[in-house]
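Predicted model, so just to flag it, every value in this text is computed and none were measured. Scope of the values below: all heavy atoms of this structure, side chains included, with no hydrogens, waters or symmetry mates.
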Amino acid sequence: MSNYHIKHLEEYFQVYRKSVRNPEVFWEEIAEEHFVWHKRWKNVLSWDFSKPEVKWFEGAKLNITENCIDRHLKIRGNKTAILFEPNNPDEEAEHITYLQLFERVNKFANVLKQEGIRKGDRVCIYLPMIPELAISVLACARIGAIHSVVFAGFSSTALSTRINDSDCKMVITSDGSYRGNKTVDLKGIVDDALNQCPCVISVLVAKRINSKINMKENRDKWLQPLLDEASNSCEPEIMDAEDPLFILYTSGSTGKPKGMVHSTAGYMVYTAYTFKNVFNYREEDIYWCTADIGWITGHSYIVYGPLANGATTVMFEGVPNFPDYGRFWQIIEKHKVNQFYTAPTAIRALAKEKLDFVEQYDLSSLKVLGTVGEPINEEAWHWYNDHVGKKKSPIVDTWWQTETGGMMISPIPYVTPTKATYATLPLPGVQLALMDEQGKEIKENQVDGRLCVVYPWPAMARTIWGNHQRFKETYFSTFENKYFTGDGALRDEVGYYRITGRVDDVIIVSGHNLGTAPIEDAINEHQAVAESAVVGFPHDIKGKALYGFVILKETGETRVHENLRKEINQVITERIGPIAKLDKIQFVPGLPKTRSGKIMRRILRKIVENDTANLGDISTLLNPEVVEAIIEGSLVK
Ligand code: PRX
């Protein structure tokens, strides 16, 4: 059907217009023709952003794993579904066919059932990028359990917070993980976390690094012997369209992480449709997304979107610089990858290295290059285009969020002319608005505004687990009747969007969203610290890095040794994970505050951006005198 695979620009505009004129007909046709349902929907869409309440395909019955696996068996049973590339290039890659995936998911699903997991139960998955990660995700979906994958770089405290927030009954982990030439003791981290998690009854442990670990009696079990015993047939649980499929945590600017809840049918339809179009995916293609399944990119575009299209999706366990900086390019040559999807931070890091790392490999299989997670700067975009794509593979700069479930703004390759640093046009079904701070819509070009979505799309998150009020306040209260993304953006004269960055207190470091509040809370736990404020500053590779301003309890003491900096970063590593460590720590006598006591991060941001000429009016501050002192001691001059 023409709607499903857009082939030229005029067609994009036609399809887009149709999707806006009659969104229900548009999505209904796609849902009808491309998926298997046990029962048809009664109603395509009902919505009310003031509550907010959004329902897609209400009344329909389905199981997403039938759409991602079972229905492919007839024609693609022997096709590779998951191509696992291990951390160590000397270890053989594993090709898991659709038939093998079917059997492995069913076995895993039966193990989950046997361990007492039922429809609606929450299961926390804390695994490295090994096949068991994708398989356990699908096994949960098979039986209607709600998976909550936690990125295996988070600390035990971060893990326990997430487990407790959604009351997980089970944790699936491994003895450890490989990361380049290091190993990580994942099971040790889980053990620490579970000291704080009475809700967890059982732990399944996959063997990956063969390390000696503690197994707690009556709680921990090795996975493999259970799988060996399990039947390879498990009837899929028939789910309602709106039943939750998964929870995935994302940082907020304040408070604890938000467990974004995604539903089943709309998420499936939307991720499959966007995957097909944005990667111009064809049956024989080999597709590789370098993200971790612990993030939304991995959920939507390593697991669900590709598998719903019967694609071959590469899962890479390792890191870009092991054994050397040519690893990504070596994998592309080895597996003849056609679509490659990565983050600007990786591109920037690899662009710093000798060109020889790229040039020694044959990258001629590439057809589409993707980027996601943060704004891509002009230089990185051109390097990617010139040296990886050889100016032949269009770059799809895809803008979206954990909350949106799938891509929202992106070129369609070979259809939409690309433009460096622009995510370009909204995908079909995505209706955007740019708003000014007073809540008026910006119609002019090149004016930076706040990016909103004015109409529901099928993959949008439905709520925050256990806190619908927070969902409403965070996303639907800033602008009436609109979903507010938290991002700034502008539009050029042809309607292309450029994302300018977060407008709230979320900082994107190496593509990871970090809220300032939890980091500040962690810093303040150090016994020598009285108060702190964290802002982002421009960084060549990470995009943004973290700069902490710290007031020590011992007033007046600003000469402090390196040790204290190390200790503060240690606390952050324990509370959140190494990704939240501060690059710079400045000890200050005070923080600029409004008369009501609110920290003026805007001023701190200007200081770390070395833009002190534009501090604005500081005379209304409670303590204008500290600004001079902070500038004096700044570490970015
Ligand atoms: O600020 C935007 C940025 O990443 C945020 C969402 O982060 P997360 O929920 O972790 O999801 C990342 C993967 C989808 C957005 O609010 N962002 C994402 N993609 C882009 C981007 N900023 C600019 N350009 C992009 N292509």
* **Summary of ring pair (Phe, Tyr, Trp, His ring centres under 6.0 Å) pairs that have at least one residue in residues 478-497, sequence neighbours excluded** => W457-Y483, Y475-Y483, F476-Y483, F479-F484
* To do: Go through the steps to decide whether T342 and T290 satisfy the test side-chain hydrogen bond (donor to acceptor under 3.5 Å, both in side chains), and finish with yes or no.
  => CA-CA 5 Å; T342 195; T290 68; 2.8 Å; yes
* Asked: Could you state the interatomic distance from OH (Y422) to CD1 (I409), rounded to the nearest 0.5 Å?
  -> 12.5 Å
* To do: Decide side-chain hydrogen bond (donor to acceptor under 3.5 Å, both in side chains) for Y341 and T297; before the verdict, give the C-alpha distance in whole Å, the side-chain angles of both, and the deciding distance to 0.1 Å.
  => CA-CA 10 Å; Y341 192 27; T297 308; 5.4 Å; no
* Between H34 and Y4, is the ring centre distance below 6.0 Å? -> yes
* Gap separating the CD1 atom of I247 from the NZ atom of K258, nearest 0.5 angstrom -> 15.0 Å
* Asked: Any idea how F26 and Y273 line up, ring-wise: parallel (<30°), tilted (30 to 60°), or perpendicular (>60°)?
  -> perpendicular
* Are any of the side-chain heavy atoms of V503 and D487 separated by less than 4.5 Å? -> no
* **Ring center gap for W27 and Y270 short of 6.0 angstrom** => yes
* Asked: Once you round to the nearest 0.5 Å, how far does CE of M170 lie from NE2 of H147?
  -> 14.5 Å
* Cationic N near anionic O, under 4.0 Å, R76 to E283 -> yes
* Under the side chain to side chain contact (heavy atoms under 4.5 Å, CB included) criterion, do I143 and K119 qualify, and how do the steps go? -> CA-CA 6 Å; I143 65 165; K119 178 178 174 180; over 6 Å; no
* To do: Tell me, with the steps shown, if T80 and Y98 meet side-chain hydrogen bond (donor to acceptor under 3.5 Å, both in side chains).
  => CA-CA 6 Å; T80 302; Y98 272 93; over 6 Å; no
* To do: Scan side-chain atoms only and decide if Y301 and T274 contain a donor-acceptor pair under the 3.5 Å cut-off.
  => yes
* Asked: Do Y267 and F246 have ring centres separated by under 6.0 Å?
  -> yes
* Does a side-chain heavy-atom distance below 4.5 Å link C168 with R162? -> no
* Asked: Between E237 and R142, is a salt bridge (charged side-chain N to carboxylate O under 4.0 Å, His left out) present by the stated rule, with each step listed?
  -> CA-CA 6 Å; E237 185 78 34; R142 187 84 176 167; over 6 Å; no
* Intermediate values then yes/no, side-chain hydrogen bond (donor to acceptor under 3.5 Å, both in side chains), D285 and Q339 -> CA-CA 8 Å; D285 289 345; Q339 291 93 355; 2.8 Å; yes
* Structure fact -> Only one of H468, E242, H262 passes side chain to side chain donor-acceptor pair (under 3.5 Å) with R462, and that residue is E242
* **NZ/NE/NH1/NH2 to OD/OE distance under 4.0 Å, D492 and K419** => yes
